Each structure stands twice: as structure tokens, then as C-alpha cells.
Amino acid sequence: MTILLEALAAHAAADPRRIALDPGAGEPVTYAELARIVADTARVLARDMAPDVPAAMQLDHGVRQAISDLALLEAAIPVLSLPLFFTPEQTRHAITACGARMISDRVPSERAGHRETAPSPPLPPGTARITFTSGSTGTPRGVCLSADHMLAVAASVVEAVGMRHAGRHLALLPPGILLETVAGFFATLLAGGTYVCPPQADVGLADPFRPDFAEMLRAIGRFGITSLILVPEYLAGLVAAMERSGTRLPQLTLVAVGGAHVPPALLARARALGLPVRQGYGLTECASVVALEDGSASEPGSVGKPLGHMQVRIADDGEIVLDGPLCLGTVGGTGGEDRQPGPFATGDIGRIDDMGRLWIEGRKSSLIVTSFGRNISPEWIEASLAARPEIAQAMVYGDGLPAPEALLVPASPVADLSAAVAAVNAQLPPYARIARWRETAHFTPGNGRLTGNGRLRRKEILAAYCSGEPDFFTVLEAATVRERLAFLAIPQLQAGLTGTITRQAYLDYLTQAYHHVKHTVPLMCAAHERLRHRPELIAALDDYIEEEEGHEEWILSDIAAAGGNAEAVRHG
């Protein structure tokens with residue numbers, strides 16, 4: 001029995017009706033029910049599933065996902081945790097790499113046959129969780145963690161923040177993210193709190209990379225949430241939504257922020273709104289959490305002192321080195337040195353102050369050395385740029401150039417990027433000021449320019465924008481980013497994207513689509529006859545006519561299926 005199931009049983013004995021899982025719209029699960037269901041399910045899983053075949057989960061937040069996670073952990077069956085935002089290629093790679101069996105219906109099951117022809121390497125003994133980081137390349141890397149390691153980190157988090165914060169924790173980070181699993185899910189249950197786990201769409205995260213922060217703010221208040229774990233972008237969006245609406249969240253007692261550096265200006269804005277923000281630091285290899293700020297109103301910017309299970313030191317070149325429990329290895333790795341406790345070179349640059357607090361100052365691999373010989377951490381400048389409300393994303397580069405340059409993504413159709421850069425430059429030393437900048441389209445996992453946990457894929461971005469002339473589509477995206485932001489803000493489109501569109505509005509759209517196709521195809525046919533001297537246009541018109549001809553009848557069928565009057569539309 002794991003310490004987590006022991007904790008569930010203890011909470012059930014002390015207060016059997018205490019709510020353990022709250023799915024938001026469905027029936028909550030008490031600690032007594034959860035302890036029983038997890039124990040029973042674990043026995044069935046241990047009997048029916050091979051312990052050496054990982055179970056791949058790619059589920060939305062909810063009671064099913066939570067119980068499956070706990071039962072598999074208790075049954076000692078390795079879990080391959082797959083975020084919903086993984087591309088099909090990333091998902092296939094992860095499942096194939098470790099020979100996992102899918103327990104949700106998001107991915108076709110033909111992988112079993114593939115596994116027979118290409119056996120997967122054995123996992124490190126004791127593997128309980130396989131987390132495929134999206135990493136800095138398109139191919140994820142599988143990190144293997146033990147149950148004891150994850151639960152030790154969760155217990156260390158509870159010890160650091162105190163049991164008083166075991167209230168109602170809301171799952172906001174996407175399902176499958178290790179930080180939320182360990183520091184949110186496991187820690188909440190160890191402490192006896194309530195894990196609130198509605199589907200992502202119910203908290204404004206139908207698309208986790210284009211959040212509806214107004215809905216997120218409403219959900220936090222509606223569910224009576226007392227604690228959150230956020231990435232910096234979510235914090236920035238939540239702060240902006242609170243500033244615009246005047247809404248406050250006095251019930252919150254803990255807002256932990258991790259995953260990337262948080263600009264001190266953003267921390268100051270959050271705390272001015274009453275948000276009890278604490279910045280943290282961690283890595284997947286260390287089960288996500290290494291350090292966390294305490295609750296004191298200390299100088300913003302540090303990630304706090306290391307938690308009890310980990311020791312931190314700074315190497316001669318400024319790299320952060322960890323001593324403590326580490327992952328068991330990686331899928332397909334050779335084991336050996338990466339299976340032993342530290343020292344572990346993180347690749348991060350930082351310092352430890354006189355009070356023992358850790359400060360993160362950038363990545364060793366992304367350090368810029370200007371032609372003036374100045375070493376500059378791009379993350380430092382990027383954090384200042386991203387803290388500006390006009391800027392959604394920023395990437396700073398300039399190795400070998402006289403001064404840093406930047407690629408900037410506007411946050412709104414009317415964002416004044418020039419003014420934002422000028423304001424940031426006024427706060428920077430002369431050698432670090434942005435000399436030139438260009439406007440670009442969003443960096444996302446979909447276009448290969450952002451990792452799943454929000455880190456910039458620097459090589460891919462530089463290849464797209466700075467290695468010769470950008471391709472046509474890259475130029476087109478950058479040139480139309482503001483128009484697309486304006487388009488996405490249309491209320492009707494937002495309703496469609498979030499699934500809140502009414503049936504009547506849907507029928508109205510279909511009606512307009514019918515008339516559009518009905519008239520456009522004849523127009524294109526007429527144009528075709530008069531443009532025979534332009535073969536380059538004729539080919540495009542042929543494709544369009546072939547694609548759309550007869551489509552209006554399909555639309556009428558859709559109208560009828562949705563309960564509309566198709567014949568009235570035909571003759572309207």
C-alpha cells in the first residue's frame with residue numbers, strides 16, 4: 001500500500017464524508033468512497049493487467065482520470081501520462097517507445113501490432129510514471145519516475161506550504177502535466193483537501209494555449225477555489241482579467257507559479273490584487289518541484305529555498321547543480337549514471353543569496369554573447385518584454401550581434417509594440433537593450449515553435465525567421481496576426497470554439513453557408529469561362545468548383561438533421 005492510499009484511508013476514517021474529488025458539474029466523491037474505489041480498482045488492475053506493460057492515459061480532468069491514476073499507481077502498473085495537447089505524432093512516438101497500452105479512445109489501437117514487430121526496451125525497475133516531455137525538439141523524451149519519488153516530493157510540498165492550505169485545489173494545468181499531478185493532485189490528497197477537477201473547457205481552457213481568462217476567473221470564484229498551480233502565462237492572463245473586471249479572489253490562500261521565470265513586475269501586479277503568489281522551480285527529472293517561495297512578503301524574483309528532499313549548489317560557471325532523488329532513467333536510455341541520486345547538472349544558470357534563496361537567471365544553452373563580448377541571458381529580457389500587456393510572446397536572440405534583437409507577438413489587434421519595447425529598454429542596461437525587433441505570429445506546439453509546457457523552441461524559431469528569407473506561409477502568418485486576433489475575438493466565433501453556440505445560431509450560419517455556396521459556384525463557373533487565357537487561375541478555379549459543387553445539398557441535409565426547415569432555406 002502506498003502512502004497515498006494510506007492517507008486516503010486515514011482521511012476516510014477521520015471524516016468519511018469529506019469531499020476528495022469534485023468534478024464541478026457531476027457528483028463529488030468522498031474520501032470514504034475514494035479509498036474504497038481505488039483499493040478495489042487496483043486489485044482488479046493488478047489481476048488483469050501485465051505489470052511490465054505501461055497503461056497510456058490521455059484523458060481530460062475528471063473523476064475517471066483521477067481514479068484511474070490512483071488505482072494504477074496502487075496496482076504498481078506504470079502509467080504513461082499523455083497531455084491532450086500532444087500531436088498525434090508525439091502520442092504515437094510515446095506509446096510506441098515504451099510499448100504502452102491505451103486506456104482511452106483518443107488514439108487508434110493498432111499500435112499493438114507495431115509493438116510486436118518492434119519490441120520496446122524494458123523500463124527501469126520500479127517505474128510508476130513515464131512522462132514524455134515535449135522537450136526542445138519535436139520528439140518527446142520519456143522520463144521514468146518511481147512512486148516513492150513522486151510521493152516524497154508531494155509530501156515535501158505539503159510540509160513546505162503547511163496543511164492549512166489543504167482546501168479546494170483547482171486543476172488548471174492540462175491533464176498529464178507532471179507538476180499538476182505531483183504538487184496539485186497528490187499533494188492535495190495527502191493533505192486531506194478537495195481536488196476540484198472539471199473538464200478543461202469548463203475553466204476556459206478548451207484550448208490550453210489560447211485560454212479564456214475571463215471564464216477562468218469566473219470558474220475560480222464559482223468553485224470556491226483556495227489554491228492553484230499556474231504557469232507564468234496563465235498568471236499574466238488571470239492578472240489582466242482581474243485588472244479589467246475589478247474582480248478579486250479573497251478565498252485564495254496559495255497560488256504557486258512554475259514552469260518558467262516569472263517577471264518581478266508581474267509578481268508585483270499579482271500581489272497588488274491580493275493574489276498569494278509563490279514562485280517555484282523544478283524539473284521533470286526531479287518529479288517537478290525543487291524549490292518554492294515561503295509565504296513571507298519577500299523580495300520578488302527568487303524561487304525560494306530548496307524543499308527538504310533536495311540540496312542545491314551553484315557550479316563555478318553558474319550552473320545550478322542538484323543533489324537528491326532523481327528519475328530512474330529514460331525510456332530507451334542506457335541507465336547507469338542517470339539512475340543514481342545527484343549531482344545533476346540542470347542546464348539552468350542561477351545564484352543562491354545570503355538567505356539561502358535560489359534565483360534563476362537563464363539557460364546555459366541559450367546564453368547570448370554579443371559582439372561586444374557581453375554575456376546576456378535572453379530569458380531575462382524576454383520576461384521583461386512578456387510582462388508588458390502589449391506583448392503576448394517574445395523571443396530574444398543576438399549571439400554575435402552588437403545588441404540583442406527580438407521577435408514579438410502582439411497581444412491584441414491594436415498593441416503598440418514600439419512603445420512596449422521603448423518602455424522595456426528604459427529599464428535595461430545599455431548593452432542589453434533591444435536594437436531591432438520584428439512582429440511574428442504566435443509560437444505554438446502546433447507549428448513546432450513552442451514545447452508543450454510553454455518553452456520556446458529557439459532553434460526552430462530562428463530557422464523560420466532568421467535563417468535566410470522566411471517561407472511564404474511564415475510571412476503570411478506574421479503579416480496577418482493582428483487580423484486573426486481580431487477575428488478570433490468575434491463573440492459568435494468564441495461561442496463556436498467554446499461549444500456555447502445555440503442551435504438557432506448554428507442554423508442561421510448553415511443558412512448563410514447554403515446561399516454562399518449556391519451563388520459562389522455559378523460565379524466561379526462564369527469566371528472560368530472568361531479566364532481561359534489565364535491557365536494559372538483556371539487550375540485554382542477547377543479545384544474550387546470540384547470541391548464545392550453540390551456542397552449546398554450537404555448543407556441542407558445538415559439543416560434538416562439539426563431540426564431546421566431545409567426546404568424553406570432552399571426557397572428563401
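One-based numbering along the sequence shown. All figures in this text were calculated on a predicted structure; none of them were measured in a lab.
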>> For a quick test of reading the model, state the closest non-hydrogen atom pair linking Pro175 to Asp60 and the distance between them.
In response: CG-CA, 3.9 Å

> Can you list the residues that meet the side chain to side chain contact (heavy atoms under 4.5 Å, CB included) rule with Ile490, with sequence neighbours excluded?
Replying inline: Phe487, Gln492, Leu493

>> Using the salt bridge (Lys or Arg N to Asp or Glu O under 4.0 Å) criterion, which residues pair with Arg534? Sequence neighbours excluded.
In response: Glu536

> Got a sec, which residues hit ring-ring contact (aromatic ring centres under 6.0 Å, His included) with Phe185, two or more places apart in sequence or on another chain?
Replying inline: Tyr195

Report all side-chain donor-acceptor pairs from residues 388-400 shorter than 3.5 Å, counting only partners two or more places apart or in another chain.
residue: Arg388; atom: NE; partner: Glu390; partner atom: OE1; Å: 3.2
residue: Arg388; atom: NH2; partner: Glu390; partner atom: OE2; Å: 3.0
residue: Gln393; atom: OE1; partner: Phe443; partner atom: N; Å: 2.9
residue: Gln393; atom: NE2; partner: Phe443; partner atom: O; Å: 2.9
residue: Tyr397; atom: OH; partner: Glu405; partner atom: OE1; Å: 3.1
residue: Asp399; atom: OD1; partner: Val369; partner atom: N; Å: 2.8

> Which residues pass the salt bridge (Lys or Arg N to Asp or Glu O under 4.0 Å) test with Asp543, sequence neighbours left out?
Replying inline: none

> With sequence neighbours left out, what residues match His519 under ring-ring contact (aromatic ring centres under 6.0 Å, His included)?
Replying inline: none

>> Checking side-chain polar atoms at under 3.5 Å, does Tyr281 have a donor or acceptor matched by the opposite partner on Asp348?
In response: yes

> Looking at residues at least two apart in the chain, or sitting in another chain, which of them share a side chain to side chain contact (heavy atoms under 4.5 Å, CB included) with Ile352?
Replying inline: Val312, Ile314, Leu358

> Would Ser366 and Glu379 count as having a side-chain donor-acceptor pair, cut-off 3.5 Å?
Replying inline: yes

>> Applying side chain to side chain donor-acceptor pair (under 3.5 Å) to Ser227 and His165, what does each step give before you reach the verdict?
In response: CA-CA 7 Å; Ser227 67; His165 293 294; over 6 Å; no

> Which residues pass the side chain to side chain contact (heavy atoms under 4.5 Å, CB included) test with Pro429, sequence neighbours left out?
Replying inline: Trp380, Tyr431, Ala432

> Under the salt bridge (Lys or Arg N to Asp or Glu O under 4.0 Å) test, which residues partner Asp471, sequence neighbours left out?
Replying inline: none

>> Considering only residues two or more places apart or on different chains, which pairs with a residue in residues 411-421 satisfy side-chain hydrogen bond (donor to acceptor under 3.5 Å, both in side chains)?
In response: none

> Taking only residues two or more places apart in sequence, or in another chain, which ones meet Asp202 in a side chain to side chain contact (heavy atoms under 4.5 Å, CB included)?
Replying inline: Pro198, Pro199

Exercise answer: donor-acceptor pairs, residues 237-244 side-chain atoms, under 3.5 Å, sequence neighbours excluded:
residue: Glu243; atom: OE1; partner: Arg269; partner atom: NH2; Å: 2.8
residue: Glu243; atom: OE2; partner: Arg269; partner atom: NE; Å: 3.1

